[in-house]
Amino acid sequence: MVLGIETTCDETGASVVTQDEEGRGRILSNEVLSQIAQHAAYGGVVPEIAARAHVESLDLLVARALDRAGCKLKDIDAVAVAAGPGLIGGVMVGLTAAKALALVAGKPLIAVNHLEAHALTARMTDRIAFPFLLLLVSGGHTQLLAVRGVGDYVRLGTTIDDAIGEAFDKTAKMLGLPYPGGPHVEKEAAQGDPARFDLPRPMLARQKPDFSLSGLKTAIRIEAEKLVPLSHTDVSDLCAGFQAAIVDVVVDRTRTALRGFRAAAGQAPTALVVAGGVAANEGIRRGLRRLAAEAGLKLVAPPHELCADNGAMIAWAGLERLSLGMIDDLTVAARPRWPLDRLAEPSPTGKA
Ligand code: AMP
Ligand code: MG
């Protein structure tokens with residue numbers, strides 16, 4: 001039984017997760033407090049506000065998570081915490097709290113890479129074996145990774161400019177939709193005509209499965225500027241066009257990564273996994289489901305509440321690491337940058 005703590009961005013999370021006899025993860029509690037309302041007025045996450053909000057709510061959330069799980073601190077086997085990558089102030093809040101809890105309870109501390117937690121969630125929900133292909137798509141990350149084992153990743157592709165979630169958020173902002181934009185763009189897209197605008201599909205058919213989103217964003221801006229003032233139909237059609245372009249790009253880039261998978265992992269993937277906040281998008285899920293079927297693979301997409309940031313994924317990654325004896329000492333530092341693939345070139349934007 002592991003307590004997991006998440007404070008890397010704008011969600012404070014605390015959760016208790018255990019494992020049944022067959023190795024399947026069981027979430028005993030999963031407390032998440034979103035700070036979206038505190039950041040909305042600024043159109044994005046303000047690091048100082050985020051760090052303060054984590055300080056204010058974390059102890060309460062931990063108490064609640066233990067309570068809902070029906071256990072006390074002394075009952076847990078380890079304290080797992082996301083030690084990065086993320087906004088340094090928030091990460092330090094979670095890490096300091098986790099260190100204090102581990103010290104007081106005399107339990108091991110496990111410093112989890114937030115991206116690894118997203119990656120391993122599919123093993124908690126669907127017990128898939130290594131290696132698998134992971135498409136990690138969130139507000140700050142867009143990566144295709146061969147997941148070969150715990151702590152063993154090969155990055156096949158990444159974005160050379162914006163992350164996909166960021167492109168959704170910026171598109172929403174240009175079209176006057178609220179923050180965070182992803183869910184709003186998806187809702188508008190459902191009513192729009194995806195064929196009205198001729199939008200680019202950047203990087204399509206490139207040999208390396210990298211992404212580039214800034215050209216698409218610019219194309220949306222140019223179309224929107226031509227139409228000002230935008231009608232509701234204009235907004236829906238632009239959203240539909242944007243999302244259709246994203247789905248085409250995601251499917252093409254993931255197909256390319258599948259082709260290169262065996263060379264990176266030594267064998268075929270057991271599954272195609274999508275994770276991160278953007279994985280909530282049904283259009284993207286549909287596209288990936290088609291691709292997985294075409295490749296004879298299963299698509300594993302965690303339930304929406306496990307796609308967004310949460311403590312359960314940190315606790316599960318902690319369980320996986322604990323079972324391999326991978327624990328950390330109390331001097332472990334917070335890491336604003338922490339690539340999963342240590343050998344990969346840093347992405348030009350640092351966003352990976
Ligand atoms: P994360 O960085 O993992 O916390 O995920 C947050 C990002 O996911 C933000 O950029 C959101 O706009 C994006 N997002 C959330 N839901 C959706 C959705 N349904 N479609 C597209 N993007 C989404
Ligand atoms: Mg995340």
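Both counts, for ligands and for their atoms, begin at 1 and track the order of listing.
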**Study point:** Ring centre gap for Phe242 and Phe168 strictly below 6.0 Å
**Key:** yes

Suppose I only count heavy atoms of [X] and a 4.0 Å limit; which atoms of ligand 1 are within that range?
{"X": "Asp309", "result": "3 (O), 4 (O)"}
{"X": "Glu186", "result": "18 (C), 19 (N), 20 (N)"}
{"X": "Gly165", "result": "10 (O)"}
{"X": "Ser138", "result": "1 (P), 2 (O), 3 (O)"}
{"X": "Asp169", "result": "9 (C), 10 (O), 11 (C), 12 (O)"}

Within-cut-off N or O pair, [X] and ligand 1, under 3.5 Å:
{"X": "Gly139", "result": "yes"}
{"X": "Glu11", "result": "no"}
{"X": "Pro180", "result": "no"}

Practice item. Flag this pair as yes if the NZ/CZ of Arg123 is under 6.0 angstrom from the six-membered ring centre of Phe130 and inside a 45 degree cone about the axis; otherwise no. Key: yes

**Study point:** Arg196 bridged to Asp237 by N-O distance under 4.0 Å
**Key:** yes

Point to revise | Carboxylate-amine/guanidinium proximity below 4.0 Å for Arg52 and Glu56 | key: no

Exercise for review: Give a yes or no on whether the backbone of Thr159 and the side-chain of Asp210 come within a donor-acceptor separation of less than 3.5 Å.
Suggested key: no

Check your understanding: Can you list the steps and then say if Ile110 with Leu322 is a side chain to side chain contact (heavy atoms under 4.5 Å, CB included)?
Key -> CA-CA 8 Å; Ile110 302 168; Leu322 186 64; 3.8 Å; yes

Exercise for review: Determine whether the side chains of Gln143 and Thr158 contain a donor N or O and an acceptor N or O closer than 3.5 Å.
Suggested key: no

Review point. For atom 15 (C) of ligand 1, which candidate among Ala280, Gly182, Gly277, Ala279 holds the nearest heavy atom?
Key: Gly277

Practice item. Decide whether the shortest distance between a heavy atom of Cys9 and an atom of ligand 1 is less than 4.0 Å. Key: no

Revision key, fill the gap. Any heavy atom of Val278 under 4.0 Å from ligand 1? The part involved is both

Check your understanding: Quick check: are there more than 12 heavy atoms from other residues, nucleotides or ligands sitting under 6.0 Å from CE of Met174?
Key -> yes

